[in-house]
Every structure is written in C-alpha cells, then in structure tokens.
Amino acid sequence: MSNCNTTCPYCGVGCGVTAAVDQDKVLSVMGDGNHPANAGRLCVKGTTLAETLIREGRLLHPIYQGAATQWDTALDLVAEKISTVRRKHGPAAIAFYLSGQLLTEDYYVANKLMKGFLGSANVDTNSRLCMSSAVAAYKRAFGADYVPCSYQDLESCDLLVMVGSNAAWTHPVLYQRIAAARKINPNKRIVVIDPRRTDTCDIADLHLQIAPGSDAFLFAGLLHYLQCSGLFDQGYIDQHTQGLDAALVAGAACDRSEVARQTGLTQEALEAFYQLFGATQNTVTLYSQGINQSATGTDKCNAIINCHLATGRLGRPGMGPFSITGQPNAMGGREVGGLANQLAAHMDFTPDNVDLVRQFWQATDMANEAGLKAVDMFRAAADGEIRFMWIMATNPAVSLPDSAMVRRALENCEFVVVSDCVGDTDTAAYADLLLPAMGWGEKDGTVTNSERCISRQRKLVTAAGEARPDWWMVTQVAQRLGFEQAFDFQHPAQIFREHAQLSGIENNGSRDFDISGLADMSEHAYDEMPPTYWPVPAASGTAAPITDGRFFTASGRANFIALSPVLPDAEPGIQSTLKLNTGRLRDQWHTMTRTGRVPRLMRHRDFFSVSLGPVEAMASGLAEGDLVAVHNTLGAVRALLHVEPDLPAGQIFSPIHWSSQFSGQACISGLIAAVTDPVSGQPQSKFARVSVSGVAVSCWGLLLTKALPVLPELGYWSRVAIPGGYLTLLAASVDLQPMAARAALLAPLLRHAERHTCYADSDSADFRDIGTTNGDLVYALYLNPQRRKLPAHDWLSGLFSSLRLAAPAGLLAGFDPDVPDKGRLICTCWEVGEREIDQALVAGVCTMEHLGERLRCGTQCGSCVPELKRMLQALEQDNAA
Ligand code: SF4
C-alpha cells in the first residue's frame, strides 16, 4: 500500500488529500496534514471521495449516436465536424464550453486551440456562473484579476464580514478554520450578511438578514457612513487610488434611512455593522455566489472593494476584499484565459496582448476579440448561429438559467460533443458524440484554489474503460486539424511549462499572473511539486502585487467605481409573487453527478425539496412534507415542502442540485430567466419570481430496487442511491389503482423475482409487495394514501446490505423492531441520525462534548457541528420555556 498526495476536486478551498492506494484501488482518503489549505482537515464531501470511484454511470468508451466506437473514429469525426462547420459558417459557429472541474492543463490546450488556431474566442466555462462578477470587479478596481487575500487573513483578521456565502456548507474547511480562529481570538467579530439564516450564522456575532439582492445598498451606505464619520484613510486614498469623488456622488443617496428602506434592516442593525466596520482596521470581507450571481454582481463586488480602498484595508495581513470560488479550478481557468473575454495568462484582447500571444503560440488563426459568454453562447446556438459545440466536464442543461433555452440550443446544434467521466447526465442526452474522460483519481495535472495556491491533482488508479485526459482529446483533435507542432504534448508537465513560460513573456511585473519561475520545471519536479502560491516570477525580489500600493491600471492607482445600487427583478412579464433564492446543500455538489452516487451523502437531505418560511407556508395552506408545484411562465418543478423556520415571508429557497437523473421535474434553473450582469455576463441565478401551490396526492409510495427503476409519469418521484440499490419516493397526483401501479412500476422487475408476496387492504388503500429470489430481496413496493404510513427510509435503505434479512412477511410489515429508525442523517461521518440525537438530548445530554462522547457525532469532519449546536440551542430554549 502507498500513500499519495492529491487535491480534493469539489470546491474552491482546494484541500490537500492523502489517499491510501493498494492494488490499483483507493482504499481510503484523509486530509493532507501538510497542505496549507486544510492542514489535515476534510469536509464530509472530501472524506467520502473514495466512495465516488465506482463504475456506476461511468462513460467507458466513445459513443457515437448511441453506439460504442473507436477513439480514432471519434477524434476523426470531431476534427471533421469542426473543419466543416468552420469552412461553411466561419469560426464564430464553433464553441467550447468548459468547466472549473477541468485541470489547468486541459483548460490551457482547449483555450489555445480555439483562440489561437480556430480563430474564435467562443470558449467559455461554467465558472462564468460562479465568479465572473468577482473577476470583472477586481479588474475594474485593480486593473487585474488579482485576489489580494489568503486563507490566513481569514484567521488573523479582527472582523470578518461574510456576505452571500454559506461557507459552513459550501466551503466547510474554510469555515472550520474561521471557527477555530474565533475560539483562539475571542475579540474576533464575525458578521454574516444573508437573506437566509444559514448554518454559517452559527459563528456570527451579527446576522444581517437583508432583502434578497440588496447588498450593494448596504455597502454603498457603508462608504457613505465612512465618509460622514471621517473614517477614510486619506493618505492611502491620495497616494494609491482614483475616482473617489465620482463614487461618492453616485452613492450620495445611500444614507442610513435609504439603506434601511432598501435592505429591510433596522437603522440600529445598520449602525451596529457600520460602527464595527469603521472601528476595525483588520477587516476581511469574504464573498461568494450570493454576491456574484446577480444581474448587478460586478457592482456589488465593487461596492465592497470601494469600502476597502477608502479605508486602505488591503494588501496587508488580515485585511482585504476576498472572493472565494465555488469550483476547484475556477482560478486555474482564469489563469489560462478560460473565459471568453480573456486571452491567456491574465491578458486581454488588446492589440499588444493579441500579438504577444500570437507570436508565442505561433498561432495560425488568432482571435482578435472576445467571444460569447456562456449565456450568450447558448442563445447563439438556440438562434442557429453556433453549429458545433464541445462541452467538457459540465452539465449546462441543468446548471445554466432558462434550461428550456439551453436544451433548445443543444437540439439546434449540428453537432454536440460531450466529454465527461459520466454518461448519464441531462446534457449527455443531447450529445451526438460522447467522449469518456478521466475522473478524479485517474487524471493528472494542476488546480489553483481561491487563495492562488497551485496544487497537483495526481493519478491514483488506472482509468476506467477507455477514459482519457481532456488535454489529450483536445491535442489529438488539434493534430488532426493540422496543428501537430503547436499541440505536440505528451505529458501534462509539457503543457504546464508552456503555460508558465507564457505568463512571464514581456511581463516584468506589468501583469499580476506570473509563474515563469516554474517554466523550466522537469517532469520529476512537476510530479513532486508541492502546493505553490503565485506569483512565482523567474527573477526573485519582485514584491507581491498590491502590497506596495501599486496596481495594474495605466496610472498604477486603484479605481473606485461609481455605482448606483438597484434591487433585482426578473424579466418583464414574470409577475409571480415569491422571490426564489437558490443555493447548495451541505453534502451535495453541482448536479450530483458524483455526490449523488454516494449513499451516505444522500441521507442528510434525501428527496428533492424546496423551503418556505412558516408564515408563507401557513398563508398558502401548506405543511412540512406536502407536495408542491413551483412555477412561473418559464417552467415548473415539483418538490416536497420543507418549512424552514427562519426563512422570511415572500421568499422561497431551492437547492440547485437535482436533475432529471434524480427527480421527475426538478430542474430549478428552468424557472430562472437568462438575465445577466452587463459587465461580467454572470447570470442572476439567485433570483427569480415564482408561485407555489399545493399538489393533491392520491397515493404515496416507496420503491426499493436493485437496478435503476423506470418510472411512469405519476406526478412526482425522487430517488436516492442506497447501499446495493435505489430508494424512490413516489407521489401520484392522479387516481392510482394499486395493482395497475404495481404493474407499471415493477414491470421490468417482476420477472427477476421468483416469489411475490403481496398485501392489499382495499379499505385503507394500503398495498405492499415484496419480490424475492432464493431468499434475496429483489424489490419492495409500499403504497398508501398517507405518507406517514410508509416504512422508515432509514430501515428500507439498509435492506439490500443487511446481513439479517427478515422473511417476506416481516418485510411486508414495513419495520423491524430490532432496527431502530435513526431518522435523517445529521452526522454523515459516523452515520448518526436526527432521532438518535433527539433521544440523547431527551436523556439529558446537553453539550457538544457529551454528544460527541455518546454518539461520536461532530467529532470527525465537523460539517454537522452547526446543526448539532442548533439542536442543543432548541433544547435549551424548550427547557427555558
Ligand atoms: Fe473538498 Fe470539502 Fe475541502 Fe471543499 S472544503 S476542497 S469540498 S474537502
């Protein structure tokens, strides 16, 4: 057995992972104690990485129009289609849509091929949906896409303002570092700004529950307050900035009463926040998708940066405006120019930069101007302007807004290539050609995390089937197009060296991104490369950017941006009353293509649900667990209702993860208009107007199967992976006859079972059917008009893996007295359920330590700690009442 260091592929924290590998198998993973991002910690997603290395759903061979084909045939076909479309319709008819899941080397070659040799800059990425507003704002303010903070700043600052970030769920290890730092420094203050009361509020001294999308008012008001209170750092402003007067004029209307009116906050709450910010020199403002995913995201980011510039709070330890990325390699994509409006190595489409890159690449057909950003790219495809699209490692049919338009775009393209490690995504269904890509643990390259730290993602095991690296596919296609010399790459180290070299060409400190000090790295040094922060200039002694007050603008000064805050609204014509907010869940990632296959990760939140606050739910006559339809003129989803205690009236929250692989009608992006920020092109994914209504259910059902069930249209279904199979929740909104339902639901399964044991009670419409073969359970189906009369999910989920299977008669009963129902999993690491915790609390356990001692919950990755604390607080409040 050997240990190998690599990097977690999920989020922008970029945790180091040490994998134990034996006989071509990853046995276990643990946090890499030497990695600066996590120092040994991992969240629950990272902890379960080894469980994602399974064959299920993997794309194992190239598939052309439904049939397996050879790699050579597939690559010839891609080259031929690109040539044909380019010849007939011009370079602008070709597009690549990439992903923050790609490695930097993959990104580099795709960008080089498109922008240097195909003559178009139509290469964009799903990182457009995640942080392009932050990029645009840094560029407007600093003249470069430079993140001026590190994770250590989050620990060392005295005030941390977390805005639009539920880090406890989305960046858990960073959140744990912050929580630990707060314990050490009791004077550290944390402010959370979020329309929802999330788990991140657990460590907040102050939670500002602002109206959705009103953040720019809050920060424009802060600038106004700092001015009126004489709290500007005039020396810093005079020496290092420009444009303050215009910014002050633009925000002059944002006095306290106007900000209170727009944000819905009390003047006292505003005063408390503004005073705290004004009085604390060492302040970091940490922001994420809640700020970026907006039609005015760039302005919101600049409203934050303005306050840091006005107080001179950046470029020194423990201070600065810090955007964290959602994806593991969003930063790497930015470095190589993975966005359609960037070139490479943080260069833009200026004539000088275009010439420089053209010469360096020896490019034969260099793009001279920016290409189409993600949403515009798919619009162009829907309108027939883009004819060929290659989608790598992402699922835009689910993740982009207005998914009906996106699906139309994919249908309209003459040829769609999807390269991915899985073949059963909603997007893959539109592909003419599927190319099997290596997944985590199989591929080899680098990623850059949110604090500019480049880490190696290393190959641990042999690739599944015929999967290949993305960079290899692009290189092979480029060679077939006649660009052999420019794409003569045999190893990712060669690509990395070229990328590093380009970053240093004619740089001399004029561009922030410089890793030319790594350009001569040997293959061995690349293999061994430790986590490395950029810049790494070839000549030593160059100061880290911005620390000396020098910026990358023409004048060398940072720009204040004049902005006039506005509240969000949906496209005209969408008049529904509820404001939809979207976000991520603790144990899930993206469209669940990886996390959705790990049974343990499906037990914190199992079936697709949306949240309303208690007031809104009551006003709508809805209760916890009801089936609801959420709809507007763009589309509709069906979901279970979760009543979230602190969600304000007028708002509804939905997770982003569900696709048609996991639930019947669950693509929430289908309700979000394709409204984008005019500067960054980032879609407003966190705001839509919708209506909600209850859906009558005539019959609920639970179906347990070993294979993926084929489900007829009933009204609602949502399924989870369980050990050895699947558990599907069904709700029929049409009249259902049990025997007809049985025939429809079990048709393909009935023949696999030798013995069928049924129970039917026509009075109560209760129906149960167990199928077994040689004593092995093949399927189980339970139908009842009342959901609470169905068996516990927890018990059902363990049946296929249970060593001690009850007789069919016992299974018909729907419970086993010797297997207590744990309820929803709270602690995924130790599989501790809500009921067990409740029982421990009732039995007198009243501290986190005692809970940990008794049940072990909260003692490993720490992701469940905020929820455990909430349960303890609720108990305290009950006792006090
Ligand atoms: Fe992976 Fe969790 Fe670390 Fe993010 S915080 S990189 S998901 S282990």
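Atoms considered below: every heavy atom in the structure, side chains included; atoms not considered: hydrogens, waters and symmetry mates. Counting convention: from 1, in listed order, for ligands and their atoms alike. The shown structure was predicted, so the numbers you read here are calculated from the model rather than taken from an experiment.
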Ligand-side contact atoms (ligand 1) for residue partner V173, heavy atom cut-off under 4.0 Å: 3 (Fe), 5 (S)
Sub-4.0 Å heavy-atom contact, N38 with ligand 1: no
Atoms in ligand 1 with a heavy atom of G14 nearer than 4.0 Å: 6 (S)
Atoms in ligand 1 flagged as close to Y10, the criterion being non-hydrogen separation under 4.0 Å: 7 (S)
Nearest-neighbour protein heavy atom for atom 1 (Fe) of ligand 1, which is reported as residue plus atom name and distance: C8 SG, 2.3 Å
Sidechain N-carboxylate O distance under 4.0 Å for R456, D527: yes
Option among D202, D158, D205 that satisfies the salt bridge (Lys or Arg N to Asp or Glu O under 4.0 Å) test with R182: D205
Identity and distance of the protein heavy atom lying nearest atom 3 (Fe) of ligand 1: C15 SG, 2.3 Å
Ligand-residue contact atoms, ligand 1 with L42, heavy atoms, under 4.0 Å: 8 (S)
Side chain to side chain donor-acceptor pair (under 3.5 Å) between W169 and D199, worked out: CA-CA 7 Å; W169 281 16; D199 270 8; 2.9 Å; yes
D426 and Q661 side chains, donor-acceptor separation under 3.5 Å: yes
C11 near atom 3 (Fe) of ligand 1 via N/O/S, less than 2.8 Å: no
Among T425, T427, N395, side-chain hydrogen bond (donor to acceptor under 3.5 Å, both in side chains) partner for T591: N395
Shortest non-hydrogen separation from R196 to H207 and the atoms involved: O-NE2, 3.3 Å
Criterion side-chain hydrogen bond (donor to acceptor under 3.5 Å, both in side chains) against D606, the qualifying member of R719, H793, R824: H793
For atom 8 (S) of ligand 1, closest protein heavy-atom neighbour: C43 N, 3.5 Å
